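Only one structure is covered here, and it is reproduced in the block below.
Whatever order the structure lists ligands and atoms in, that order sets their numbers, starting from 1. This structure is a prediction, so every number in the text was calculated from the model and none was measured. Along the sequence shown, residues carry numbers from 1.
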Amino acid sequence: MPPVIAIDGPSASGKGTIAEAVAQRLGFHYLDSGALYRIVGLVGRECGANLDNDLEISNISLNLKIKFDSGRVWIDGRDVSVQIRGEIAGAAASRVAALPGVRRALMTLQHSFRQPPGLVADGRDMGSVVFPDARLKIYLTATPEERARRRYKQLMEKDSGASMAALLQDIRDRDLRDSTRAAAPLLKCADAVEIDTTGMPVEDVVARVLHLYQKLQKTQ
Ligand code: C5P
């Protein structure tokens with residue numbers, strides 16, 4: 001089986017940026033599992049479904065035609081790359097992600113990303129549930145304040161009128177929901193290496209992950 005590097009952690013901990021950079025450096029494929037939950041949340045809202053109804057949302061998840069290409073995301077031929085990044089899709093994602101049937105429905109799709117020469121996957125349960133045999137498991141954290149600052153900066157670049165206080169509250173709410181849900185809660189696996197990225201430049205975090213992976217390769 002091609003090797004997997006699993007990168008888990010709370011919202012806005014920098015998982016996507018780090019995972020994408022590590023995948024690029026190693027020439028590996030990249031899975032942004034959060035994008036799948038965001039897509040399901042978005043489509044569920046658009047068709048007026050009850051976002052807490054497992055059966056209804058699982059059926060939507062099973063029937064989606066999702067395409068990832070060059071950093072963009074399409075559902076049924078429609079480019080939703082920008083829409084799924086918004087706070088509305090994020091909040092909907094966090095709701096549908098609590099449904100066990102939806103998590104099961106997305107499993108096969110996530111496994112299909114495991115292709116040679118390897119995969120870097122980011123999310124909440126990559127190391128614990130989806131790829132428990134991952135060669136390297138990383139748990140990225142940062143303080144809620146630092147994560148709210150990062151998200152604020154990102155949103156300002158897009159000219160959005162977000163407030164720091166609202167973003168910090170949203171991050172705290174999402175942390176609580178993600179870590180207390182019954183289905184695949186956000187947790188640090190016993191065999192994951194924790195990296196606190198507060199105040200750390202992106203390049204240093206990427207170098208640390210690559211170093212850990214190369215060290216493991218030498219011992220295999
Ligand atoms: O990582 P991102 O913020 O894009 O994820 C959106 C939401 O999807 C998270 O708040 C979380 O509830 C959910 N998620 C999950 N499991 C994953 C990835 C994301 O439950 N593997």
Side-chain angles (χ1 to χ4, degrees), residues 4-20 23 30-45 51-52 54 57-58 60-61 64 66 68 71-73 75 80-114 119-132 134 137-142 144 146-148 150-152 154-155 158 162 167-189 192 197:
V4 175
I5 299 179
I7 303 187
D8 290 303
S11 295
S13 56
K15 299 179 306 285
T17 310
I18 304 302
E20 232 181 321
Y30 167 55
L31 166 63
D32 169 6
S33 65
L36 303 180
Y37 292 96
R38 286 171 178 269
I39 288 170
V40 172
L42 182 73
V43 174
R45 271 182 66 101
L51 294 186
D52 302 311
D54 200 358
I57 306 295
S58 303
I60 292 177
S61 316
L64 285 174
I66 303 174
F68 289 90
R72 303 205 74 80
V73 187
I75 324 170
V80 291
S81 319
V82 175
Q83 234 175 325
I84 61 161
R85 291 291 141 217
E87 294 304 299
I88 291 175
S94 168
R95 267 172 80 185
V96 298
L99 307 171
V102 172
R103 306 199 72 88
R104 273 196 302 278
L106 292 177
M107 197 63 102
T108 312
L109 178 60
Q110 294 179 87
H111 286 160
S112 72
F113 282 78
R114 188 175 197 168
L119 174 70
V120 182
D122 89 61
R124 305 292 186 290
D125 61 343
M126 296 297 97
S128 57
V129 178
V130 183
F131 301 108
K137 298 180 186 179
I138 301 286
Y139 189 78
L140 281 192
T141 58
E146 167 99 2
R147 291 186 277 131
R150 288 179 190 167
R151 183 143 286 170
Y152 185 73
Q154 255 176 8
L155 291 172
K158 287 188 231 147
L167 287 174
L168 184 57
Q169 191 54 48
D170 178 63
I171 278 179
R172 291 210 159 107
D173 291 348
R174 208 177 299 180
D175 280 357
L176 185 70
R177 228 177 6 241
D178 288 350
S179 53
T180 54
R181 69 182 178 213
L186 168 69
L187 54 88
K188 178 187 166 295
C189 299
T197 67

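- Side-chain atoms of S94 do not come within 3.5 Å of backbone N or O of A91 as any donor-acceptor pair.
- When hydrogens are left out, the protein atom nearest atom 16 (N) of ligand 1 is R103 NH2, 2.9 Å; that is the closest non-hydrogen contact.
- Interatomic distance, I60 CD1 to L51 CG, rounded to the nearest 0.5 Å: 8.0 Å.
- The protein non-hydrogen atom at the shortest distance from atom 18 (C) of ligand 1 is S33 OG, 3.4 Å.
- Set against the non-hydrogen atoms of D178, the atoms of ligand 1 under 4.0 Å away are 9 (C), 10 (O), 11 (C), 12 (O).
- Using a non-hydrogen distance threshold of 4.0 Å, R177 does not register as a contact of ligand 1.
- For atom 19 (C) of ligand 1, the nearest protein heavy atom (residue, atom name, distance) is G34 CA, 3.5 Å.
- Near A97, meaning under 4.0 Å from any of its heavy atoms, are these atoms of ligand 1: 12 (O), 13 (C), 20 (O).
- Look at R124 and D8 and you find no salt bridge, because none of the NZ, NE, NH1 or NH2 atoms lies under 4.0 Å from a carboxylate O.
- Side chain of S33 to main chain of D122: a donor-acceptor pair is present (N/O by atom type, distance under 3.5 Å, no hydrogens or angles).
- Those atoms of ligand 1 with a heavy atom of A93 less than 4.0 angstrom away are 6 (C), 7 (C), 8 (O).
- In this structure, Q110 has no heavy atom closer than 4.0 Å to ligand 1.
- Residue contacts with ligand 1 for R124 involve both N, CA, C or O and side-chain atoms from C-beta outward (heavy atoms, distance under 4.0 Å).
- Heavy-atom proximity to atom 21 (N) of ligand 1, evaluated over V96, D125, V102, is greatest for D125.
- Between R147 and T197, the side chains place no donor N or O within less than 3.5 Å of an acceptor N or O (distance only, hydrogens not considered).
- Atom 8 (O) of ligand 1 has Y37 CB, 3.5 Å as its closest protein atom, hydrogens excluded (heavy atom only).
- Of all the atoms in ligand 1, the ones that sit under 4.0 Å from a non-hydrogen atom of S94 are 10 (O), 12 (O).
- Ion pairing of D170 with R174 is present here, as a side-chain N (NZ or NE/NH1/NH2) and a carboxylate O approach within less than 4.0 Å.
- Numbered from 1 in the order shown, with element, the atoms of ligand 1 that lie under 4.0 Å from a heavy atom of R38 read 2 (P), 3 (O), 4 (O), 6 (C).
- Although no hydrogens or angles enter the test, the distance criterion places a donor-acceptor pair under 3.5 Å between the side chain of Q110 and the main chain of L106.
- Salt bridge status for D32 with R72: absent, with no side-chain N to carboxylate O gap under 4.0 Å.
- Residue-ligand proximity, M126 to ligand 1, at heavy-atom distances under 4.0 Å covers atoms 21 (N).
- A donor-acceptor contact shorter than 3.5 Å links the side chain of R150 to the backbone of S13.
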